[in-house]
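These notes are about the structure you will find just below.
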Amino acid sequence: MKQQLKVAVIGVGHLGKHHVEHFYSLKNIALVGVYDIDKARAEKISDKYDITCFSTIDELLKSVDAVSIVTPTEEHKKVAIRCIKNKKHVFIEKPITSTVVDADQLINLAEKNKTIIQIGHIERLNPAILPLKEYSINPRFIEVQRLAPYMERGSDVPVVLDLMIHDIDLILTFISSPIKDIEATGISIMTKSIDIANARITFKNGAVANLTSSRVAKDRVRKMKIFQQDLYITVDLLMSLTEVYRAVDNNKNNPKTIMSAPLESNGRNRQILYEKPSIIKQDALKMELTNFVNSIKGVEKPIVDGKAGRNALELAIKIQDKILEGFKI
Ligand code: NAD
C-alpha cells in the first residue's frame, strides 16, 4: 500500500491554526504535527488535534514530506530554506518573502531540490473570482478597493504587502502585459508605516489598474470592477457576488441571461445582457491546501506557484518604493 503523505504546520498563530484544521480534515494525508517558537501555543493546538508538538524544526523535518509555513513574513525565507534543503515541499503564506532576492533564492533552491513551492494567494480561489474563468478577460481598466478596520496583527508590514498584494496577484492574472508605468501614493494614519495606499498601474498594452487599500476603515470592503470591450464585471469578494453586463448584437438566448435591455449604439441595435454567475461557496483555504497536496501527488499543478508569488511581490515592492519617494510621516 502507498504511504500517506505526511504534513506539518510551522507557525500556528491566527492563520496557521486554520491550516492545521484543514489538513486535519483532508483525507488520504496524515497531519503529523506542528512547530511554533511559542511552545505554549503549539502545545494547545497539538493537544486539540492529538498530533505531535515538535520541539525543533529539524525534528519536524525528519517526520514529514511537506510543510505549511505560516510564520510572520520576515521568517518565511529562513524557515523555507531549511525545509527545501531537506527536500520538503512547502506551502508558504503570502507574501512569499520580504524581498525579491529572497524569493528568487527560494525558487532556485526548490528547482534544484525538485520540491514544490506554493504561495497562499488565497483570493485566486475566492468563490466570487472563480466564475470569471468562464469569461474571456482582457481588461482595459480595473478598479479595486480593499478596506479593513485597523488591527495590530499584520500592521508590522506596509499595507501594500499586507492587503494590496492580494489584488496585485489577481490583476497580474487578468492582465498579461509588461508594466509601463506606476504611480502611487500613500499615507500613515495609525502606524509609522503606510496604512492607506493608492496605485495606478499602466500596462504596455494600455490597460490600467487602479488599486486602493486601507487598513483604517470602519467596514471591510473588497470590491473589483473590470471594464473591457463590451463587458463590465463587478465582483464583491467579501459578499461572494459576481455580476456581469455584456453588450451584444443580439440575444442568443444565453440561458445565463437574467435580464436584457435594448442599447442603441452607432445605429446598431444592441442589447445589454445581465448575468449573475452562480457562486459555489467553498472554503478557499481548504481548496488551496487540497491543491498543494494534489500538486505533490502530481495530479494537479499549484494554482499559485513560487514564480507567481515572486511576481506579485516584485510589483508590490515597486509600488511601495514609489510611495516612499513622496512619503512623509
Ligand atoms: P500570527 O502572528 O498570528 O502567527 C504567526 C505565528 O508564527 C506565531 O504563532 C509565532 O509565534 C510563530 N512564529 C514566528 N516565528 C517563527 C519561527 N521562526 N518558527 C516557527 N514559528 C514562528 O500571524 P498570522 O496572521 O497567522 O500570519 C502568518 C502569515 O500568514 C504571514 O505571512 C501573513 O502575511 C500571512 N497571512 C495571510 C493571509 C491570507 O489571506 N492569505 C491572512 C493573514 C495572514
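Just follow the structure's listing: the first ligand is 1, and inside any ligand the first atom is 1.
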Counting only heavy atoms, which portion of [X] has something under 4.0 Å from ligand 1: side chain, backbone, both, or neither?
{"X": "I122", "result": "side chain"}
{"X": "E75", "result": "side chain"}
{"X": "E93", "result": "side chain"}

Would you call [X]-[Y] a salt bridge at under 4.0 Å N-O?
{"X": "R82", "Y": "D58", "result": "yes"}
{"X": "E314", "Y": "R310", "result": "yes"}
{"X": "R146", "Y": "E123", "result": "yes"}

Judged by modelled atom types alone, do Q228 and Y135 share a side-chain donor-acceptor pair under 3.5 Å?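 Note: Q228 and Y135 side chains miss the donor-acceptor criterion.
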Looking at ligand 1, does H121 have a heavy atom less than 4.0 Å from it?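 In this structure, H121 fails to qualify as a contact of ligand 1 - no heavy atom is under 4.0 Å.
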Hey, which atoms in ligand 1 end up nearer than 4.0 Å to a heavy atom of Y35?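 By the 4.0 Å cutoff, the relevant atoms are 19 (N), 20 (C).
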Could you pull out, from V157, I37, V34, the option with a heavy atom nearest to atom 22 (C) of ligand 1?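 Among V157, I37, V34, the closest heavy atom to atom 22 (C) of ligand 1 comes from I37.
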Between [X] and ligand 1, is there a nitrogen or oxygen pair with a distance under 3.5 Å?
{"X": "L15", "result": "yes"}
{"X": "G120", "result": "yes"}
{"X": "K78", "result": "no"}

Audit row: D195, S188, side-chain hydrogen bond (donor to acceptor under 3.5 Å, both in side chains) steps and yes/no: CA-CA 5 Å; D195 296 318; S188 69; 5.2 Å; no
